[in-house]
Enquirer: 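Dumping the structure here so I can ask a few things about it.
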Amino acid sequence: MTNQEVLDHVRTKFADQILEFDEPYDMLTIIINRDGLLPMVEFIKTDEVLQCNFMTDLCGMHHPDQLGRELGMVYMFHGMRKNIRIRIKCFMPIDDPHIDSITSLFKAANWMERETFDFYGIKFKGHPDLRRILNMDDMDYHPMLKQYKLEDGTRTDKDDRFFGRDGHDGVEFDQRYIK
Amino acid sequence: MSTEPLEIDTLEGEFSTLNLGPTHPATHGIFQNILTMNGERIYHSEQTVGYIHRAFEKIAEHRPFNQITPLTDRLNYCSSPINNLGWHMTVEKLIGCTVPKRVDYMRVVIMELARIADHLVCNTVIAVDTGALTGFTYMFQEREKIYELYEEVCGARLTTNIGRIGGFERDFSPAFHQKLKKFLAEFPKKFQEFCDLTERNRVFMDRVINACPFDAERSLNYGFTGPNLRAAGVDYDVRVMNPYSSYQDFDFIIPVGISGDTYDRYMVRQKEIWESVKIINQAYNNLPEGDYHADVPEFYLPPKDDVYNNMEALIYHFKIVMGEMDVPKGEVYHSVEGGNGELGYYLVSDGGRKPFRLHFRRPCFIYYQAYPEMIKGCLLSDAVVTLSSLNVIAGELDA
């Protein structure tokens with residue numbers, strides 16, 4: 001099936017949900033409303049023609065300069081029978097970061113959504129266990145957001161407290177840096 | 001010893017908690033599983049991941065494209081060349097660069113060598129977990145030879161940083177040709193010994209047959225790819241479905257299993273090693289004439305002679321080294337068949353000098369979450385061989 005045929009097929013059911021579509025580097029990309037995500041994913045998974053029963057990947061994105069749609073979710077599905085690949089994108093405002101979880105359809109989404117929550121702070125409604133996964137639990141920010149720059153490796157204000165050494169374990173450090 | 005999984009409801013008696021990992025010798029990496037056990041049976045397990053998280057996706061957003069290659073080394077470090085070359089191909093796809101046929105074939109040789117090395121580690125370690133240490137030591141000699149081959153190509157062994165965007169930094173050296181020929185002549189005999197040792201070995205088979213089977217439907221739902229998915233009977237291989245690097249030129253088969261148990265996962269990898277040898281022979285014996293890199297001066301470092309004598313080359317050299325090459329806008333997904341599954345790169349460029357977003361589809365991270373479901377109701381000894389047979393690599397899991 002060509003991308004156009006796939007798109008036409010999806011359109012028969014979700015004409016009003018599709019905001020934009022494109023095919024960068026030959027992969028069909030559909031941008032939809034976040035409310036339409038769950039029904040559409042269910043459709044492409046169970047549909048007789050598409051049979052996209054494999055979720056390749058999902059990840060978050062942050063576009064600080066797209067006002068009102070700063071955060072994005074990117075999903076990639078694969079129909080192995082006919083080798084159909086579909087990419088679905090949703091955008092949401094950064095002050096209301098939530099979207100439906102697709103763990104009910106793909107168990108693989110569990111950790112990937114946790115990872116996205118960890119990195120971007122997107123909350124997945126209906127996720128069974130939405131906790132941080134790669135970063136430590138008491139971290140109080142979402143590090144992949146664009147406002148957080150990488151640490152400057154040559155900074156000079158590092159002290160032992162940054163490494164969990166607070167002096168109680170016999171490690172000496174310069175008293176000037178204690179605030 | 002493998003037996004039928006027990007119905008969880010029938011479990012009675014006292015439960016105990018066991019920490020399997022994070023640094024237990026049987027886990028081969030930093031994985032923690034907190035098991036709730038009833039005797040030898042596993043009732044429930046809870047995983048902890050992220051011990052060696054290094055924020056590669058964040059770092060990648062602050063690096064020029066050629067400096068991201070060393071980050072990919074550290075994902076699946078048992079087969080770094082596949083990661084490196086997959087990343088180069090992703091960038092080439094983005095900038096619209098076609099590489100000469102010779103580069104494709106050279107890449108295939110390197111990637112299949114890496115696949116052999118990766119599978120050798122996985123399979124010999126399964127044997128070690130069942131008590132057969134001998135095969136491991138002998139096969140590591142063969143793996144060592146593969147590492148020497150890497151060394152001839154790029155100078156490094158484990159974290160290879162092999163190749164460049166657009167091709168290779170140099171052609172295969174005479175020593176490489178000599179060593180590869182020797183390897184191709186000797187490896188099959190040595191590997192056959194290992195096959196004879198384990199494949200029909202009664203003790204080994206008793207330990208791994210029926211150990212934590214996982215059927216095709218559940219495997220697909222959990223996003224399994226690579227040997228673990230093929231062991232369940234789904235013949236999905238990126239090399240065949242979306243051929244890259246001229247894989248369509250080679251004649252090879254995709255081994256599949258039936259039940260998806262540890263023995264199937266093991267056998268699929270064993271057979272894949274033979275297929276990889278076949279592919280290397282085909283690629284190496286038909287190595288096309290031509291250049292070993294594409295003509296992309298914006299990304300491929302010019303030869304030193306030109307840098308000293310040619311102003312344009314000097315400018316390109318400077319710009320590449322300083323990371324001042326602009327990349328076209330676009331978003332691209334490229335995947336390769338890594339050592340343990342579909343290794344994907346989702347790259348979004350906003351037209352700058354570094355990726356706007358780079359996401360690695362790491363097969364380990366996706367399928368390792370099925371582990372608690374796989375080992376539920378099984379014995380502890382089955383859980384250990386299952387963990388080995390999944391080939392979870394800590395670097396890829398935690399990125």
Side-chain angles (χ1 to χ4, degrees), chain A residues 22-27 29 45 51-63 65 72 74-76 78-83 85 87 89 103-116 118-120 129 131-137 139 143-146 148-152, chain B residues 46-55 57-63 90 93-94 96 217-225 229 234-236 238 240-242 329-335 342 344-348 350 356-363 365-370 373 397-399:
Chain A
D22 194 5
E23 43 180 342
Y25 296 88
D26 294 331
M27 195 191 279
T29 303
K45 184 189 175 191
Q51 299 184 50
C52 288
N53 62 347
F54 186 79
M55 190 191 71
T56 305
D57 205 359
L58 71 79
C59 66
M61 300 198 70
H62 183 210
H63 298 266
D65 44 357
V74 185
Y75 299 84
M76 274 176 259
H78 194 179
M80 289 178 182
R81 282 269 159 75
K82 296 178 185 164
N83 199 10
R85 284 185 190 264
R87 184 188 288 143
K89 283 191 185 181
T103 42
S104 55
L105 298 166
F106 294 100
K107 285 187 173 164
N110 189 327
W111 280 15
M112 290 149 98
E113 286 180 351
R114 276 178 68 184
E115 189 191 22
T116 310
D118 191 352
F119 285 169
Y120 288 94
D129 181 25
R131 290 180 289 136
R132 285 183 184 272
I133 183 162
L134 292 177
N135 290 307
M136 52 204 229
D137 290 331
M139 201 171 187
M144 284 290 280
L145 295 173
K146 288 281 182 189
Y148 301 113
K149 301 294 174 206
L150 272 192
E151 189 187 279
D152 173 11
Chain B
E46 202 176 307
Q47 296 158 292
T48 319
V49 299
Y51 279 101
I52 59 163
H53 175 53
R54 293 144 298 172
E57 291 180 4
K58 186 75 183 176
I59 298 172
E61 287 179 9
H62 296 79
R63 292 273 184 278
T90 311
K93 199 167 166 181
L94 180 74
E217 197 181 328
R218 284 193 294 169
S219 299
L220 283 170
N221 202 269
Y222 266 112
F224 277 44
T225 43
L229 178 64
V234 182
D235 61 344
Y236 173 61
V238 188
V240 175
M241 197 169 274
N242 297 94
K329 232 175 170 165
E331 60 178 303
V332 57
Y333 177 77
H334 183 73
S335 58
E342 176 173 348
Y345 302 83
Y346 175 57
L347 170 62
V348 182
D350 61 348
F356 179 75
R357 172 83 169 105
L358 175 62
H359 178 71
F360 301 110
R361 183 204 190 271
R362 313 185 305 279
F365 180 72
I366 296 168
Y367 64 63
Y368 183 50
Q369 53 185 314
E373 193 175 320
L397 179 73
D398 295 339

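Quick caveat, the model's predicted, so the values are computed rather than measured. Each chain gets a letter, A, B and so on, in the order the sequences are listed, and its residues count up from 1.
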Enquirer: Restricting to non-hydrogen atoms, name the atom on B:Asn221 and the atom on A:Leu105 that form the minimum distance, rounded to 0.1 Å.
Expert: ND2-O, 3.2 Å

Enquirer: Heavy-atom distance under 4.5 Å between the side chains of A:Glu115 and B:His359, does that happen here?
Expert: yes

Enquirer: Step through the shown structure and confirm whether more than 12 heavy atoms of other residues, nucleotides or ligands are within 6.0 Å of NZ on B:Lys329.
Expert: no

Enquirer: Is the closest side-chain heavy-atom distance between A:Lys107 and B:Glu373 below 4.5 Å?
Expert: yes

Enquirer: What heavy-atom pair brings B:Gly223 and A:Ala108 nearest, and what distance separates the two atoms?
Expert: N-CB, 3.7 Å

Enquirer: Supply the atom-to-atom distance B:Glu57 CD to A:Met144 CE, rounded to the nearest 0.5 angstrom.
Expert: 5.0 Å

Enquirer: Taking the side chain as every heavy atom from C-beta outward, state whether A:Asn110 and B:Tyr222 have any atom pair closer than 4.5 Å.
Expert: no

Enquirer: Which pair of heavy atoms, one from A:Met112 and one from B:Ile366, lies closest together, and at what distance?
Expert: CE-CD1, 3.7 Å

Enquirer: May I ask you to decide if the ring planes of B:Phe365 and A:Trp111 are parallel, tilted or perpendicular, using 30° and 60° as cut-offs?
Expert: tilted

Enquirer: For B:Ser335, which atoms come within 4.5 Å of any heavy atom of chain A: side chain, backbone, both, or neither?
Expert: side chain

Enquirer: Side-chain contact test, heavy atoms from C-beta onward, threshold under 4.5 Å: evaluate it for A:Asp57 versus B:Phe360 and give yes or no.
Expert: no

Enquirer: Under 4.0 Å between a Lys/Arg side-chain N and an Asp/Glu carboxylate O for A:Lys89 and B:Glu331?
Expert: yes

Enquirer: Which atoms of B:Leu397 come close to chain A, meaning under 4.5 Å heavy atom to heavy atom: side chain ones, backbone ones, both, or neither?
Expert: both

Enquirer: Test of understanding: with salt bridge (charged side-chain N to carboxylate O under 4.0 Å, His left out), list the residues that count as partners of A:Glu113, not counting sequence neighbours.
Expert: none

Enquirer: For residues B:Arg361 and A:Thr56, report the shortest heavy-atom separation together with the two atoms involved.
Expert: NE-O, 2.6 Å

Enquirer: To the nearest 0.5 angstrom, please state how far the CG atom of A:Leu150 sits from the CD1 atom of B:Ile59.
Expert: 6.5 Å

Enquirer: For the residue pair B:Tyr236 and A:Phe54, categorise the inter-ring angle as parallel (less than 30°), tilted (30 to 60°) or perpendicular (more than 60°).
Expert: tilted

Enquirer: Relative to B:Phe356, does A:Lys146 satisfy both conditions: NZ or CZ under 6.0 angstrom from the six-membered ring centre, and within 45 degrees of the ring's axis?
Expert: yes

Enquirer: How many angstroms lie between CE in A:Met55 and CG in B:Leu220, if you round to the nearest 0.5 Å?
Expert: 12.0 Å

Enquirer: Heavy-atom distances under 4.5 Å only: say whether A:Phe119 touches chain B with side chain, backbone, both or neither.
Expert: side chain

Enquirer: To the nearest 0.5 Å, what is the distance between CD on B:Gln47 and CD1 on A:Ile133?
Expert: 8.5 Å

Enquirer: Specify which of A:Val74, A:Asp22, A:Thr29, A:Leu58 makes the most heavy-atom pairs with chain B at under 4.5 Å.
Expert: A:Val74

Enquirer: Working to the nearest 0.5 Å, report the span between OH of B:Tyr333 and CZ of A:Arg87.
Expert: 9.5 Å

Enquirer: Quick check: does any side chain N or O of A:Tyr25 sit under 3.5 Å from a backbone N or O of B:Leu94, one acting as donor and the other as acceptor?
Expert: yes

Enquirer: Looking at NZ of A:Lys149 and CD of B:Glu61, how far apart are the two atoms once the value is rounded to the nearest 0.5 Å?
Expert: 9.5 Å

Enquirer: Shorter than 4.5 Å, heavy atoms on both sides: which option in A:Lys45, A:His78, A:Met136 has the most such pairs with chain B?
Expert: A:His78

Enquirer: Would you mind checking which part of B:Leu229 comes under 4.5 Å of any heavy atom in chain A, side chain (CB onward), backbone (N, CA, C, O), both or neither?
Expert: side chain

Enquirer: Which answer fits B:Phe224, side chain, backbone, both or neither, if we ask what part of it has an atom under 4.5 Å from a heavy atom of chain A?
Expert: backbone

Enquirer: Using non-hydrogen atoms only, which part of B:Arg54 is less than 4.5 Å away from chain A: side chain, backbone, both, or neither?
Expert: neither

Enquirer: Quick one: do A:Arg85 and B:Glu342 satisfy salt bridge (charged side-chain N to carboxylate O under 4.0 Å, His left out)? Show the steps, please.
Expert: CA-CA 14 Å; A:Arg85 284 185 190 264; B:Glu342 176 173 348; 3.3 Å; yes

Enquirer: Which bit of A:Pro143 comes within less than 4.5 Å of chain B, counting heavy atoms only: side chain, backbone, both or neither?
Expert: backbone

